[in-house]
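Reviewing the structure listed below.
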Amino acid sequence: MAASGGYNYRDGTQRSSHKVDRPPSLNSNPKSSVKSKALPASGPRRNSTGSIGGGGAGPATSKNDTGVPGRVRVAVRLRPRNAEEMVADADFADCVELQPELKRLKLRKNNWDTDTFEFDEVLTEFASQKRVYEVVAKPVVESVLEGYNGTVMAYGQTGTGKTYTLGRLGEEDTAARGIMVRAMEDILADVSLESDSLSVSYLQLYMETIQDLLDPANDNISIVEDPKTGDVSVPGASLVEIRDHQSFVELLRLGEAHRFATNTKLNTESSRSHAILMVNVKKSVKGRDSALPSQNGNNSHMVKSLKPPVVRKSKLVVVDLAGSERIDKSGSEGHTLEEAKSINLSLSALGKCINALAENSAHVPVRDSKLTRLLRDSFGGTARTSLVITIGPSPRHRGETASTIMFGQRAMKVENMLKLKEEFDYKSLARRLDIQLDKLIAEHERQQKAFEDEIERITIEAQNQISEVERNYADGLEKERVKYQKDYMESIKKLEEQLVMNQKKHGSEKITNGPEDDDSNVTTIKESCRVHVEEIDDLKKLLQKETLLRKAAEEEVQNLKIQLAQWKRSEAAGNSEILKLRKMLEDEEHQKEKLEGEIATLHSQLLQLSFEANETSQRLDRNEPGKVGGLESLMTQVRHPQLKDSGNEEKTSIAKLFEQVGLQKILSLLEAEDNDVRIHAVKVVANLAAEEANQEKIVEAGGLTSLLMLLKSSEDETIHRVAAGAIANLAMNETNQELIMTQGGISLLSMTAANGEDPQTLRMVAGAIANLCGNDKLQSKLRGEGGIKALLGMVRCGHPDVLAQVARGIANFAKCESRASTQGTKTGRSLLIEDGALSWIVQNANNDASPIRRHIELALCHLAQHEVNAKDMISTGALWELVRISRDCSREDIRTLAYRTLTSSPTFQAELRRLRIDN
């Protein structure tokens with residue numbers, strides 16, 4: 001068969017043939033999955049330091065650092081004969097004989113001799129896709145859902161059904177769905193998309209280049225290895241959130257359209273790349289929250305103190321390896337031949353690693369291929385791994401079939417140490433606490449508003465009642481007074497008229513009757529006087545009654561005043577309760593800040609301990625020094641310093657060496673021809689420079705000049721790292737800072753930063769430049785010799801320790817500029833803004849790492865203190881970060897500085913008013 005046919009390019013536009021999956025011809029009744037009787041999992045095996053899982057410690061947040069042993073499980077699947085083999089091999093028997101009930105496979109050498117092999121599962125040509133998934137992949141998927149990493153991989157000759165087993169979508173026939181689709185169905189059925197997260201990356205390894213199948217433009221992705229945990233990641237790959245099964249199928253279809261394939265003699269649609277599907281699962285663990293009563297002794301108020309929720313992070317990796325092929329059989333030529341060579345080289349590298357792990361070799365060649373680097377956690381690492389090897393029945397390909405079987409046999413000897421990756425979700429806890437705090441504040445504000453409204457209503461009602469009573473009392477009093485006055489005047493008038501009438505009557509009777517009637521007149525007058533006295537008594541009684549009514553009204557007014565005083569006391573009690581609630585909220589916020597600070601401190605201590613452990617392990621040497629004299633003795637002491645177990649004894653050993661040998665001889669070894677001597681000598685000088693008492697002696701003896709010369713002349717990464725660390729220690733002294741600048745130290749440090757790749761080297765260089773940034777006198781010269789550019793260039797590393805030093809240097813530089821602007825010795829825009837640092841500052845102002853965020857917040861505050869920088873900060877979004885810092889920063893001094901800066905700047909105030917933002 002000719003090897004003609006086009007390629008399937010990543011955009012799918014030039015495909016000349018369609019890939020044909022070859023399903024098994026018939027489906028048999030699947031048997032239940034049972035454990036292998038041939039090779040039971042043995043006890044835990046110590047992993048060598050160079051294994052694919054090497055250095056294999058899990059993350060610091062894993063629940064069990066010891067792990068659970070788990071051997072790689074291997075299943076073999078036989079492809080049925082295709083149309084070509086039915087014709088070409090019609091007169092020949094299959095080269096293999098399967099015994100699935102015994103989990104054995106017999107490989108025929110000839111008509112009378114066979115080799116027998118045992119596997120965990122033996123799947124005939126009639127095995128269904130469901131049966132294959134249940135025995136090969138389902139245990140791995142269940143482990144992933146429990147928080148362990150898992151890998152499912154297919155290996156075999158080209159054309160034996162690897163892609164059919166793993167990647168078949170089953171759109172025409174649902175029973176033909178492959179492992180990828182069925183695994184996602186089980187995962188989606190188990191996770192809760194409200195509280196859990198599920199994301200997918202789909203990559204291909206083509207010609208030793210990692211390409212993104214979901215983003216064809218992203219065709220050169222790098223592999224990143226965590227130096228502490230050994231975890232491998234590809235941060236440049238697309239990461240797509242999965243919400244339902246249909247979206248996942250669409251992603252698989254898109255990825256397959258971009259995968260390289262071509263037509264060969266062995267396969268009409270042969271994959272020319274290794275496909276790698278990565279499914280990241282983040283699952284919340286239920287039932288871990290608890291509530292505790294507050295310690296203030298008040299049983300009526302309970303404060304819920306929630307523990308942070310526990311999440312399990314795991315990853316499922318499904319690997320569809322490109323098929324191994326022999327050039328003479330596949331007929332590959334030209335570019336197809338180059339692809340075949342690349343495929344065979346990567347598969348050969350994988351086979352070497354499997355061999356080394358199976359034989360418990362001290363060295364495993366992990367770095368021979370990017371494929372082995374990506375799979376370092378799958379073989380000898382912390383993942384549960386299941387391998388399915390696919391073979392064909394044709395006797396013409398017996399050699400390839402035997403090679404595939406031997407690969408599976410060796411893989412069964414590899415043991416992994418499964419580790420549960422469980423950690424606290426502090427970010428989720430912080431969000432929940434923020435939401436609860438907002439709810440409490442809103443509820444408190446509503447209660448306070450309702451209480452104030454009720455007090456105001458009662459006060460207005462009492463005032464209206466008092467006013468109405470006083471008005472009614474005044475009206476009634478006035479009416480009674482007018483009435484009594486009127487009655488009094490009428491009574492006086494009647495008495496006067498009656499008196500006149502009596503006088504007239506008395507005068508006429510006196511004339512007529514004479515003296516005999518005087519007695520009767522006197523009696524009449526007395527009677528009249530008695531009547532008037534009675535009327536006056538009645539008036540007094542009425543007046544007393546009105547007086548009593550007035551007293552009753554006054555008492556009612558007094559009662560209303562007492563009620564008003566009681567309402568005011570209730571208002572005071574309410575205000576006291578409000579203050580208590582505010583105090584409780586402040587305590588909760590303080591607890592939250594304390595927890596965040598402890599987390600940041602523990603994270604920083606963990607990073608520092610990891611770095612110190614790495615440095616100590618590199619300094620240790622197993623050989624003891626010999627007894628030689630002269631310069632050879634000195635070199636031997638430098639090569640093999642007797643380092644003790646504790647840090648204090650190590651410093652004592654270095655100090656003893658310093659006293660015995662002398663500083664000049666140690667510095668002379670910095671120029672030795674032997675590179676190992678220079679490395680150990682510069683480590684001794686770096687240890688001495690860490691003590692402030694030795695720094696002046698080192699500088700006077702020319703040690704600073706020698707260290708700078710090492711940066712310039714040496715190409716060794718270790719010398720650069722240790723020398724930069726020593727210079728950073730010396731740069732903590734102001735006098736030494738000027739000497740470093742005078743001798744071209746900034747240029748040499750900038751050159752080292754530009755050429756360095758090791759995060760620890762860049763951290764030392766960034767620390768030295770950061771110390772120099774804190775000198776007011778060196779600002780212009782430091783910037784002129786590229787110091788700021790060097791700092792910004794080192795952010796490419798992305799390591800948190802490097803970024804923390806870069807942020808510290810920028811904060812020191814901004815502080816010196818702010819001081820110079822205040823003193824009037826500097827005008828114009830900030831040099832940091834001119835060198836383009838502001839955009840990076842804004843991007844990292846809310847960084848998760850506390851040391852980085854704290855330095856950047858200080859830098860923003862110092863830059864904002866100079867009015868000439870205000871427009872640039874507004875245009876780049878730095879104003880929003882200042883507003884956030886003034887409100888949300890955990891440190892009160894930085895929060896106060898940001899607030900004072902915002903309120904003192906007319907430009908910022910005008911912009912905030914324009915945006916209608918209250919500060």
Side-chain angles (χ1 to χ4, degrees), residues 294 296-304 434-492 535-590 883 886-887 896 899 902-903 909 912-913 915-919:
S294 61
N296 56 7
N298 188 355
N299 293 328
S300 63
H301 299 285
M302 300 290 287
V303 180
K304 289 185 178 180
D434 287 338
I435 293 173
Q436 290 184 2
L437 184 61
D438 291 339
K439 289 182 179 179
L440 288 174
I441 292 174
E443 181 65 23
H444 165 68
E445 290 178 349
R446 285 194 296 269
Q447 292 179 356
Q448 184 178 12
K449 183 66 168 60
F451 182 77
E452 291 175 351
D453 292 344
E454 182 66 16
I455 292 296
E456 184 177 0
R457 185 189 65 79
I458 293 174
T459 302
I460 293 173
E461 183 178 347
Q463 290 176 350
N464 291 337
Q465 289 180 359
I466 292 172
S467 300
E468 184 176 359
V469 169
E470 290 179 346
R471 186 167 55 254
N472 292 337
Y473 172 75
D475 291 343
L477 190 63
E478 180 65 21
K479 288 179 181 179
E480 290 298 327
R481 187 185 65 79
V482 171
K483 178 183 176 182
Y484 292 148
Q485 186 176 6
K486 183 177 180 181
D487 291 343
Y488 174 75
M489 295 302 295
E490 288 178 355
S491 298
I492 295 298
E535 290 180 354
I536 291 171
D537 291 338
D538 292 337
L539 288 175
K540 286 181 178 180
K541 290 178 180 179
L542 288 174
L543 183 60
Q544 289 176 355
K545 183 178 180 181
E546 288 299 324
T547 302
L548 293 175
L549 289 174
R550 178 177 178 180
K551 288 182 179 179
E554 289 178 349
E555 289 178 357
E556 185 176 358
V557 171
Q558 187 65 29
N559 290 333
L560 290 175
K561 288 181 178 180
I562 292 172
Q563 291 181 7
L564 181 60
Q566 291 176 349
W567 288 331
K568 288 183 177 180
R569 285 194 296 271
S570 300
E571 181 181 7
N575 290 334
S576 176
E577 186 68 22
I578 291 169
L579 291 176
K580 289 181 180 178
L581 289 174
R582 286 179 178 172
K583 184 65 168 61
M584 291 167 60
L585 290 176
E586 290 174 358
D587 292 341
E588 280 294 319
E589 186 175 359
H590 179 69
V883 173
S886 68
R887 295 177 177 177
T896 303
Y899 178 81
L902 285 172
T903 54
Q909 287 297 308
L912 292 175
R913 285 194 298 271
L915 297 174
R916 298 180 180 178
I917 297 175
D918 296 328
N919 188 37

Between S570 (side chain) and Q566 (backbone), is there a donor-acceptor pair under 3.5 Å?
yes

Value for CG (L581) from CD (E443), rounded to nearest 0.5 Å, stands at 10.0 Å

Decide yes or no for E445 and I441: does some side-chain heavy atom of the first lie under 4.5 Å from some side-chain heavy atom of the second?
yes

So the salt bridge (Lys or Arg N to Asp or Glu O under 4.0 Å) pairs with at least one residue in residues 457-474 (sequence neighbours excluded) are E454-R457, R457-E461

Pairing residues for E546 by the side chain to side chain contact (heavy atoms under 4.5 Å, CB included) criterion, not counting sequence neighbours:
E480, Y484, L549

For E556 and V469, which heavy atoms make the closest approach, and how far apart are they?
OE2-CG2, 4.2 Å

For I536, side chain to side chain contact (heavy atoms under 4.5 Å, CB included) partners two or more places apart
K540

Across all chains, not counting sequence neighbours, the side chain to side chain contact (heavy atoms under 4.5 Å, CB included) partners of K568 are L564

Would you compute the distance between atom CG of N464 and atom OG1 of T459 and round it to the nearest 0.5 angstrom?
10.5 Å

Does the side chain of Q558 come under 3.5 Å of the side chain of E554 through a donor N or O and an acceptor N or O?
no

Hey, what do you get for CD (Q563) to CD1 (I458), rounding to the nearest 0.5 Å?
10.0 Å

Smallest separation among heavy atoms of W567 and A462, with atom names
CZ3-CB, 3.5 Å

Measure the spacing between CG of L440 and NE2 of H444 and express it to the nearest 0.5 Å.
10.5 Å

From E577 atom CD to Q447 atom CD, the distance as rounded to the nearest 0.5 Å:
9.0 Å

Looking at CD of E589 and CG of D434, how far apart are the two atoms once the value is rounded to the nearest 0.5 Å?
9.0 Å

Validation row: R913, Q909 side chains within 4.5 angstrom (heavy atoms):
yes

Taking side chain to side chain contact (heavy atoms under 4.5 Å, CB included) as the test, write out the residues that go with E490, two or more places apart.
K486, D487

Go through E478 and R481 one step at a time and tell me if the salt bridge (charged side-chain N to carboxylate O under 4.0 Å, His left out) criterion holds.
CA-CA 5 Å; E478 180 65 21; R481 187 185 65 79; 2.7 Å; yes

R582 and I578, any side-chain heavy atoms less than 4.5 Å apart
yes

Could you pull out all residues at least two apart from K541 that satisfy salt bridge (Lys or Arg N to Asp or Glu O under 4.0 Å)?
none

